[in-house]
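For reference, the structure discussed in these notes is given below.
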Amino acid sequence: TVVIKPKEEVGIVVLLRLRLEAQPGFPDLDWHCHDVQVRRSSEDPEVEVFPCHKWIRTADGYIELRNEKENNYFSPIEYVQAHWQEDAFFGYQCLNGCNPLCIRQIHNLPPNLSVTSEMVRPFLPEDSSLGQEMERGHVYLLDYEVLDQLPANTVNDKQTYLAAPLCLLHYSRQGELKPIAIQLQQAPGPQNPVFLPSDAAPDWLLAKMWVRNSDFQVHQLLTHFLRTHLLGEVCCTATLRQLPEIHPLHQLLMPHIRSTLQINIQARVTLLATKGVFDKSIACGLEAIPLLLARGTQRLRYSSMCVPDDVRVRGLDALPICYYAQDALRVWDALHRFVAGWIRLYYCNDEDVQHDCELQNWIGEIFTEGFLGLSHIGAPHSFQTAVEMCKFVTMVIFSCSALHAAVNFSQLDYNIWIPNSPAAMSRPPSQTKGSVSEEDVFSFLPEVNSSCHVLSVLSLLSQPAIDFVPLCHYNEWYFSSGAIVKLVEEVRRELKMLAKDIADRNSQLELPYPYLSPDCIENSVTI
């Protein structure tokens with residue numbers, strides 16, 4: 001039995017993460033843990049018990065233990081398996097799953113989406129029309145146009161298939177976001193029907209599975225790899241090339257980007273290489289990957305990389321059920337205040353920023369080599385003000401820490417149940433309604449060996465680093481002296497309060513959202 005006595009009072013503890021760590025001078029042995037007992041404070045006589053009853057090895061990484069009193073609590077994996085077919089959970093995942101960056105509010109229907117107001121009227125309030133609901137900001141869209149006409153991979157010597165769906169969703173007065181129409185391909189036509197919740201159950205379920213399959217590709221290669229790993233690599237390379245070690249921005253950024261090059265090199269020679277998981281098991285294989293990354297880069301917008309702009313433009317800032325947006329905004333704000341304070345220590349005014357040639361060379365290289373000189377992306381090619389600099393540096397730190405935590409460490413929870421998020425589909429998208437039975441639906445899923453390959457990789461990627469460093473915790477000497485100490489103390493105090501608020505909120509939720517709790521956010525991309 002492990003007994004935990006915290007130094008200060010803690011709130012309701014719903015979940016514990018336990019890890020066995022080898023220590024110098026001690027034998028590296030397996031331990032059998034019966035349970036973990038927690039007192040909320042040293043004076044509290046009540047003990048909360050978290051049963052374990054298993055052997056723990058250093059190679060296991062973290063294991064999760066549930067409070068034995070919280071019988072109504074689902075682990076994310078159990079919840080997904082129980083609810084994956086439900087429309088409300090489909091919508092929840094668009095907001096709080098491993099890819100919360102695709103969904104956006106719309107006020108007009110895309111011209112290539114063959115949906116009419118009459119078609120979706122049964123799924124809207126009786127006293128309202130589709131146009132009125134769009135005016136009120138209650139209609140959202142998923143559009144996977146970026147996948148259109150990409151070559152699909154061959155898995156186990158069999159052709160797989162890709163769709164490029166559009167999915168219309170409605171936020172109801174009951175506080176639920178549900179899909180109300182799905183079109184599986186971009187070009188409208190008689191062989192590209194719009195599937196509705198009122199269709200036969202197998203048709204509707206399969207349409208949602210196609211959307212989830214498309215989301216898997218976009219999540220892995222654009223949301224995760226491009227937006228966190230490759231951005232971090234570009235910024236790390238520019239920092240090493242353009243900023244000397246004594247430059248204040250070099251010192252601020254390196255703890256957040258230093259490991260990115262190593263991680264990405266490993267990814268290129270394993271996951272993204274011949275016989276790697278994308279080559280052998282995922283619909284977007286080696287032929288499609290460079291095409292998708294090129295399209296994703298062309299479609300990048302700087303505003304979408306900055307949280308306050310992004311969640312406002314996509315209409316997520318006022319959605320009470322979008323925990324990603326709520327938590328991301330608070331983490332961004334804390335980081336932004338920290339970066340602004342850091343900049344004020346070294347730059348007295350905007351002229352200082354403009355005259356720092358090393359800084360200007362740094363942002364110029366990122367614009368040219370990272371954003372390919374594409375002005376329509378909206379990223380700065382120079383810094384004219386300290387405000388511009390602060391926003392960009394905050395974006396880099398957020399992307400390489402918090403965003404990576406949100407889109408990486410959640411993926412096993414939502415992808416381990418293969419029907420909820422298939423990595424490949426073995427039959428082409430339906431061109432007519434009523435063509436599949438309930439038994440047929442599962443014949444679209446990938447074979448067991450390729451699914452196990454994907455899950456083994458996701459399991460590895462979901463493990464925190466052995467030397468996990470939480471957000472804004474620094475070991476470098478220059479963070480421990482002078483005015484910088486106060487800045488670090490302030491941001492860590494703010495992040496600690498946020499972690500407590502998130503834990504309190506999650507204790508009231510059937511399915512918690514822990515991924516942006518600062519104590520779960522690593523300082524940089526390390527996996």
Inset, instruction - Take L231 and L226 through the test side chain to side chain contact (heavy atoms under 4.5 Å, CB included) and record every step on the way to the result. - result: CA-CA 6 Å; L231 175 71; L226 178 65; over 6 Å; no

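- Note on D310 versus R104: no salt bridge recorded, every NZ/NE/NH1/NH2 to OD/OE distance being 4.0 Å or above.
- At distances below 3.5 Å, not a single donor-acceptor pair connects side-chain atoms of S281 with backbone N or O atoms of F278.
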Inset, instruction - In sequence, state the C-alpha distance, the side-chain angles, and the governing distance for R427 and S443, and then conclude on side chain to side chain donor-acceptor pair (under 3.5 Å). - result: CA-CA 8 Å; R427 292 175 59 181; S443 69; 2.7 Å; yes

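- Looking at H170, its side chain never comes within 3.5 Å of a backbone N or O of V139 through a donor-acceptor pair.
- Side-chain N or O atoms of N420 include one that pairs as donor or acceptor with a backbone N or O of Y414 at under 3.5 Å.
- Side-chain contact, Q220 with Q411: a donor N or O sits under 3.5 Å from an acceptor N or O.
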Inset, instruction - Given side chain to side chain donor-acceptor pair (under 3.5 Å), test D413 with S410 step by step and report yes or no. - result: CA-CA 6 Å; D413 291 343; S410 57; over 6 Å; no

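- At a threshold of 4.5 Å between non-hydrogen side-chain atoms, the residues V407 and H219 count as touching.
- No donor-acceptor distance shorter than 3.5 angstrom exists from the side chain of S401 to the backbone of V525, with no hydrogens or angles considered.
- Formation of a donor-acceptor pair under 3.5 Å by the Q508 side chain with backbone atoms of R505 is not found in this model.
- Within the 4.5 Å cutoff, side-chain heavy atoms of K391 are placed close to those of Y302.
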Inset, instruction - Would you sort out whether S114 and Q183 count as a side chain to side chain contact (heavy atoms under 4.5 Å, CB included), showing the intermediate values? - result: CA-CA 8 Å; S114 299; Q183 181 177 298; 3.7 Å; yes

Inset, instruction - Report the C-alpha separation of N156 and N449 in whole Å, then their side-chain angles, then the decisive distance to 0.1 Å, and conclude whether the side chain to side chain donor-acceptor pair (under 3.5 Å) test is met. - result: CA-CA 9 Å; N156 291 333; N449 66 330; 2.8 Å; yes

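- The two residues G232 and T260 make their nearest non-hydrogen contact at C-CG2, 3.6 Å.
- In this structure, H256 NE2 and L335 CG are separated by 7.5 Å, a value rounded to the nearest 0.5 Å.
- Side chains of L319 and Q326 form no contact here, defined as non-hydrogen atoms less than 4.5 Å apart.
- The residues K208 and D87 are annotated as salt-bridged, a charged nitrogen and a carboxylate oxygen being separated by less than 4.0 angstrom.
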Legend entry - K433 vs D199, salt bridge (charged side-chain N to carboxylate O under 4.0 Å, His left out): CA-CA, chis, key distance, verdict: CA-CA 8 Å; K433 295 186 180 184; D199 290 337; 3.0 Å; yes

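- Taking the six-membered ring where tryptophan is involved, the planes of W84 and F442 are perpendicular, since the angle between them exceeds 60° and thus also 30°.
- Put simply, the side chain of S435 gets close to the backbone of T432: a donor and an acceptor are under 3.5 Å apart.
- T526 and E522 share a donor-acceptor pair across their side chains, judged by distance under 3.5 Å alone.
- With hydrogens and angles ignored, the 3.5 Å screen pairs no side-chain donor or acceptor of D148 with any backbone N or O of A164.
- When all heavy atoms of C284 and L221 are compared, the closest pair comes out as CB-CD1, 3.8 Å.
- Using a distance-only test at 3.5 Å, with no hydrogens or angles considered, no donor-acceptor pair links the side chain of T228 to the main chain of F225.
- Within a 6.0 Å sphere centred on NE2 of H376, other residues, nucleotides and ligands contribute more than 12 heavy atoms.
- Between Q105 and Y171 the shortest side-chain heavy-atom distance does not fall below 4.5 Å.
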Inset, instruction - Begin with the C-alpha distance, continue with both residues' side-chain angles, and end with the deciding distance and a verdict on salt bridge (charged side-chain N to carboxylate O under 4.0 Å, His left out) for E118 and R121. - result: CA-CA 5 Å; E118 289 302 315; R121 183 175 293 279; 3.4 Å; yes

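- Atom CD of E438 has 12 or fewer heavy atoms from other residues, nucleotides or ligands within 6.0 Å.
- No side-chain heavy atom of V194 sits less than 4.5 Å from a side-chain heavy atom of I182.
- Summarising the geometry of Y161 relative to A283, their closest heavy-atom pair is O-CB, 4.3 Å, with the distance given to 0.1 Å.
- Residues N112 and L166 form a side-chain contact, since some pair of their non-hydrogen atoms from C-beta on lies under 4.5 Å apart.
- Taking a 6.0 Å sphere around CD of Q191, one finds it holds 12 or fewer heavy atoms contributed by other residues, nucleotides or ligands.
- In this structure, Y513 has its ring center under 6.0 Å from that of Y515.
- Among I106, L177, I180, the one residue that satisfies the side chain to side chain contact (heavy atoms under 4.5 Å, CB included) test with Y140 is L177.
- Counting only residues at least two apart or on different chains, the side chain to side chain donor-acceptor pair (under 3.5 Å) pairs with a member in residues 285-301 are E145-R299.
- The shortest heavy-atom contact between H453 and S456 is O-OG, 2.7 Å.
- Annotation: the span from L130 atom CG to M134 atom CE amounts to 4.0 Å, rounded to 0.5 Å.
- Across every non-hydrogen atom of A181 and V120, the tightest pair is CB-CG1, 4.2 Å.
- The backbone N or O of A187 sits nowhere less than 3.5 Å from a side-chain atom of Q185 that would complete a donor-acceptor pair.
- Considering only residues two or more places apart in sequence or on other chains, H107 meets the ring-ring contact (aromatic ring centres under 6.0 Å, His included) condition with none of them.
- Q93 and N96 are not linked by any side-chain donor-acceptor pair at a separation below 3.5 angstrom, with hydrogens and angles left out of the test.
- Smallest separation of non-hydrogen atoms from L272 and L286: O-CD2, 3.3 Å.
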Inset, instruction - I would like to know whether F90 and C167 meet side chain to side chain contact (heavy atoms under 4.5 Å, CB included); could you show each step before the answer? - result: CA-CA 11 Å; F90 179 98; C167 177; 3.9 Å; yes

Legend entry - side chain to side chain contact (heavy atoms under 4.5 Å, CB included) assessment of S304 paired with V313: CA-CA 8 Å; S304 73; V313 168; over 6 Å; no

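- Side-chain contact between L471 and V331 is present, with heavy atoms from C-beta onward closer than 4.5 Å.
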Inset, instruction - Begin with the C-alpha distance, continue with both residues' side-chain angles, and end with the deciding distance and a verdict on salt bridge (charged side-chain N to carboxylate O under 4.0 Å, His left out) for R330 and D333. - result: CA-CA 5 Å; R330 291 188 63 182; D333 288 346; over 6 Å; no

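- Rounding to the nearest 0.5 Å places CG of N213 at 11.0 Å from CD1 of I418.
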Inset, instruction - Would you sort out whether D309 and S303 count as a side chain to side chain donor-acceptor pair (under 3.5 Å), showing the intermediate values? - result: CA-CA 6 Å; D309 299 333; S303 60; 6.0 Å; no

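- For R136 and S128, the side-chain atoms include at least one donor-acceptor pair closer than 3.5 Å.
- With a 4.5 Å cut-off on side-chain heavy atoms, F123 and K178 do not count as touching.
- No donor-acceptor distance shorter than 3.5 angstrom exists from the side chain of D501 to the backbone of L498, with no hydrogens or angles considered.
- Atom OG in S430 sits 5.0 Å away from atom CG in L206 (nearest 0.5 Å).
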